[in-house]
Trainee: 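This structure is in structure tokens; I'll ask about it shortly.
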Protein chains: 2
Amino acid sequence: MGFLPDLGSELSNFPLKIVKQGLNIWSLKAKITLKDIARELEVSISTVSKALKNSEEISRDTKEKVQAFAKLYNYKPNNIAISLKNKRTKNIGVVIPDIVHHFFTTVIRGIEKYANARGYNVIVCLSEESFDKEVINMEMLANGSIDGFIMSLSSQTQEKGDYNHLKEVTEQGIPVVLFDRITHEVECDKVIIDDELGAYQATNKFISQGKKRIALITTDDYLSVSKARTKGYWKALQDSELEADESMILKMPSMEMDEEAIKNFLNTKNPDAVLCVNEIFAVYSMRLVQQKGLRIPEDIAFIGFTDGVLSKYANPSLTVVAQHGEKMGEVSAQMLIDKVESEAEEETYQTRILEPTLVIRDSIAH
Amino acid sequence: MGFLPDLGSELSNFPLKIVKQGLNIWSLKAKITLKDIARELEVSISTVSKALKNSEEISRDTKEKVQAFAKLYNYKPNNIAISLKNKRTKNIGVVIPDIVHHFFTTVIRGIEKYANARGYNVIVCLSEESFDKEVINMEMLANGSIDGFIMSLSSQTQEKGDYNHLKEVTEQGIPVVLFDRITHEVECDKVIIDDELGAYQATNKFISQGKKRIALITTDDYLSVSKARTKGYWKALQDSELEADESMILKMPSMEMDEEAIKNFLNTKNPDAVLCVNEIFAVYSMRLVQQKGLRIPEDIAFIGFTDGVLSKYANPSLTVVAQHGEKMGEVSAQMLIDKVESEAEEETYQTRILEPTLVIRDSIAH
DNA sequence: TATGAACACGAAACCGTTTTCGTTGCCTTT
DNA sequence: AAAGGCAACGAAAACGGTTTCGTGTTCATA
């Protein structure tokens, strides 16, 4: 504290004066404000504000005094007041269907990392795959709480095809970045991985290894990602000499796993390779065929989507199409913050397509 | 709109007047404020504010006019302004070490559900097990962004034993709820599960099944949970006729898994039962012993902690001590919000201890 | 000696609400 | 007719900052 000029006497009795409205006299150190500093140092609020910002307008002496005082009493500007003034909250809203899901979790981590580095906080809201919750959450946040949205659509929203809540928000000038589960009906930035390509490559992998009866276990088509993956699978088969057979595709009606359906499917179809749109379907299927005495990958091989813990620790470990959730989060956050901070009112939106990669593990030959 | 009295002419030309500072004349529907309504309806801001709150002070006529107008133009109060006025943000800050971790993920979901139901939003920050990040995140949020904290300590913080950032925050009157990874050095509400009991019961389960060489794979003691679990394990052995043997405990130095260490440990110690403080250690160990040709659970049985996807889909499925993360989240949120909203300055803090339950699966006999 | 920068600081508006405390005008009462 | 009461509304402060635009000194210059 060597640079506290002649403050000695003024500082000493300060604590008494500053205790606010008499509450909690004892230990509660109330937050100090510009006003408090101004009163104690007998200068104006504007001077204090400028001094703390090292403004040229203020003399060295005053600046030192103010800064020393602020440091001593641990002054920190009130975020809310700044937000109100700047109309910038430095918060970004993330609305996702589910958080107990490895993929979304990694995306959040990516968003968090990037956003934090740029001084933003992340408000997470869960739609729980429900359209109504998605709408309510967005409305709550859209009234000043956040500077922009990063979101992945709930399955119900994609099923309904109703995107008015998104349109309203963008019309208000709030930037939106959609990732993974997107729609083309809303004009905004988007980040996806090339699901079609991922499925295509995975299926080709099977083909190149001489697999003939390649099955697909997926969910209903209203989920944009499932649709794309089915397309890639289909295309790979058509590009090959194998015949694409619709009956080799099992579509689960919901996200929940119908164990019986899978069991029947595998028993009747007897595939020698199975592509699954997530880890769970794949790991569960592997257990089923192991119980039947089949060897993996010799008799039947598996590839899943999402490179989560399950894949890594399954027995045998599961080959997957990695979606790079963390990268996706980072890219989304970057696109959003760039847009938020750009003064220009560019009406240009881009869609970034990330490349999936195949993570080879023991569920296929290698 | 049957109750729009004689507004016709006034409303019709409103859109032109209200466009703000000339930006984006076309489609950007700027948010409307009390001021705008007041101007257009030629009443004062106070009147508008009161009318929208259905105040007795305002005449029926005026109230109807104002409310109809507000509805028509989709008026929504600005959260930030309200926060500044009320000194309540309706945001709660959640600081956790990691989000790509099933347990924390379920806790967040619990917090989210409960908080949302009470009109709160959740700001999530990740400490990534780093002390510094924990401090920075808390400081960012403590300046007005949130009404209270829910947190679980980073391993580095627990290792260091430095809790000044927590103390500062509580001294400022910001309520804190600590869950799972807690410390007794900070006076605040806490929620934990009875880790000691969980480990005790799990170990007893092994003993009752006639297991003799019961091992424990854990992390270093600075993690409060690991310490408690080790204690429960030890106690169960001491309460039995078996001799508790320190060499049957493997302490991993970090959260990361040292595969070699586990392999050596299992090979030299030849346990017939293993208790692991998480899923990953357990699932990985199961794979190792299966490769050696041992049968689970006949030759060697396993119990882990955390009822996540891994346990459910492992082969064989893993018996675990369930931590009820979602419940923990709900309870934490409830305690925090109750404290935030209670006017009373009670200086009474409580620690809620949740009971763990054993989820029996195929990794032990049953 | 009058002029005019340059310097150092303060007043006040503003962000969008809420809320207290007037201030009208009108009606009732004696 | 004066007094009082009430209904209906507005002015203004407050929340905690930022920022623009003065304004009063001081000092060098013509």
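Residue numbering restarts at 1 for every chain, and letters A, B, ... go by the order of the sequence lines.
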Trainee: Looking for any heavy atom pair under 4.0 Å, which part of the strands does A/K50 touch: base, sugar-phosphate only, or nothing?
Mentor: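 The residue A/K50 makes base contact.
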
Trainee: So, is A/K35 close to the D/dC15 phosphate, meaning a side-chain N or O under 4.0 Å from OP1 or OP2?
Mentor: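 The answer is yes; a side-chain N or O of A/K35 sits under 4.0 Å from OP1 or OP2.
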
Trainee: If I compare all heavy atoms of B/L166 with all of B/M151, which pair ends up nearest, and what's the gap?
Mentor: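 Smallest interatomic distance, heavy atoms only, reads CD2-SD, 3.3 Å.
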
Trainee: For B/S49, report the nucleic acid contact type (base, sugar-phosphate, nothing); a contact means any heavy atom under 4.0 Å.
Mentor: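 The answer is base, as B/S49 lies within the cut-off (heavy atoms under 4.0 Å) of a base atom.
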
Trainee: Would a distance-only check, ignoring hydrogens and angles, find a side-chain to backbone donor-acceptor pair under 3.5 Å from A/D147 to A/R88?
Mentor: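 Answer holds: no.
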
Trainee: Apply side chain to side chain donor-acceptor pair (under 3.5 Å) to residues B/N137 and A/N116 and explain how you reach the verdict.
Mentor: CA-CA 9 Å; B/N137 280 323; A/N116 250 29; 3.0 Å; yes

Trainee: Please check the phosphate of D/dG16 (OP1 and OP2 only) for any side-chain N or O of A/Y75 closer than 4.0 Å.
Mentor: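 Checking A/Y75 against D/dG16: no side-chain N or O falls below 4.0 Å of OP1 or OP2.
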
Trainee: Check every strand shown and say whether B/S46 touches a base, only sugar-phosphate, or nothing at a heavy-atom separation below 4.0 Å.
Mentor: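 Contact class for B/S46: base.
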
Trainee: OP1 or OP2 of D/dC15 less than 4.0 angstrom from a side-chain nitrogen or oxygen of A/T33, does that happen here?
Mentor: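 No, no such contact exists.
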
Trainee: Can you tell me if B/T62 touches the phosphate of D/dC9, counting only side-chain N or O atoms and a distance under 4.0 Å to OP1 or OP2?
Mentor: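 Yes, within the criterion.
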
Trainee: Between A/N79 (side chain) and B/M140 (backbone), is there a donor-acceptor pair under 3.5 Å?
Mentor: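 Yes.
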
Trainee: Between C/dA8 atom C1' and A/E64 atom CD, what is the distance in whole Å?
Mentor: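 Whole-Å distance recorded here is 15 Å.
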
Trainee: Quickly work out the B/E42 CD to D/dC9 P distance and round it to whole Å.
Mentor: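 Answer to the nearest Å: 14 Å.
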
Trainee: Using a 3.5 Å distance criterion without hydrogens, assess whether the side chain of A/E134 forms a donor-acceptor pair with backbone atoms of A/S154.
Mentor: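 Confirmed, A/E134 side chain pairs with A/S154 backbone.
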
Trainee: Measure from CG on B/N54 to P on D/dC9 and round the result to the nearest Å.
Mentor: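 One finds 13 Å between P of D/dC9 and CG of B/N54, rounded.
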
Trainee: I'd like to know if the side chain of A/T47 pairs up with that of A/S44 as donor and acceptor (distance under 3.5 Å, no hydrogens or angles considered).
Mentor: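 Side chains of A/T47 and A/S44: pair found under 3.5 Å.
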
Trainee: Let me know, please, whether B/E57 or B/L84 comes out on the 5' side of the other along DNA chain D by nearest nucleotide.
Mentor: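 Nearer the 5' end of the strand: B/E57.
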
Trainee: Hey, which of these two, B/A81 or B/V48, hits DNA chain D nearer its 5' end, going by closest nucleotide?
Mentor: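 Counting from the 5' end, the first nearest nucleotide belongs to B/V48.
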
Trainee: Examine distances only and state if a side-chain atom of B/S59 and a backbone atom of B/T62 form a donor-acceptor pair shorter than 3.5 Å.
Mentor: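 Such a contact is found between B/S59 side chain and B/T62 backbone.
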
Trainee: Using atom CD1 of A/I45 as one end and atom C1' of D/dC15 as the other, report the distance to the nearest whole Å.
Mentor: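 A/I45 atom CD1 is separated from D/dC15 atom C1' by 12 Å.
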
Trainee: What does the inter-axis angle of the helix from C/dT1-D/dA30 to C/dT30-D/dA1 come out as, five pairs per end, nearest 10 degrees?
Mentor: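 For the helix from C/dT1-D/dA30 to C/dT30-D/dA1, the axes at either end differ by 80°.
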
Trainee: How close or far is atom P of D/dT18 from atom NZ of A/K87, stated in whole angstroms?
Mentor: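 Whole-Å distance recorded here is 17 Å.
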
Trainee: Within a 6.0 Å radius of atom CD on B/E341, are there more than 12 heavy atoms belonging to other residues, nucleotides or ligands?
Mentor: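 Counting other residues, nucleotides and ligands, CD of B/E341 exceeds 12 neighbours.
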
Trainee: Tell me: CZ of A/R60 to P of C/dC7, nearest whole Å?
Mentor: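 So the two atoms are 15 Å apart, to the nearest Å.
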
Trainee: Whether B/K53 contacts C/dT17 is assessed here as follows: a side-chain N or O lying under 4.0 Å from the phosphate OP1 or OP2. Is that the case?
Mentor: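 Result: no.
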
Trainee: Reckon A/K85 has a side-chain N or O less than 4.0 Å from the OP1 or OP2 of D/dT19?
Mentor: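 No, A/K85 has no side-chain N/O under 4.0 Å of OP1/OP2 on D/dT19.
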
Trainee: Whole angstrom is fine here: how far is it from CG in A/N78 over to P in D/dC15?
Mentor: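 That distance rounds to 12 Å.
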
Trainee: Rounded to the Å, how far apart are B/L41 CG and D/dA8 P?
Mentor: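 For the pair B/L41 CG and D/dA8 P, the rounded distance is 17 Å.
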
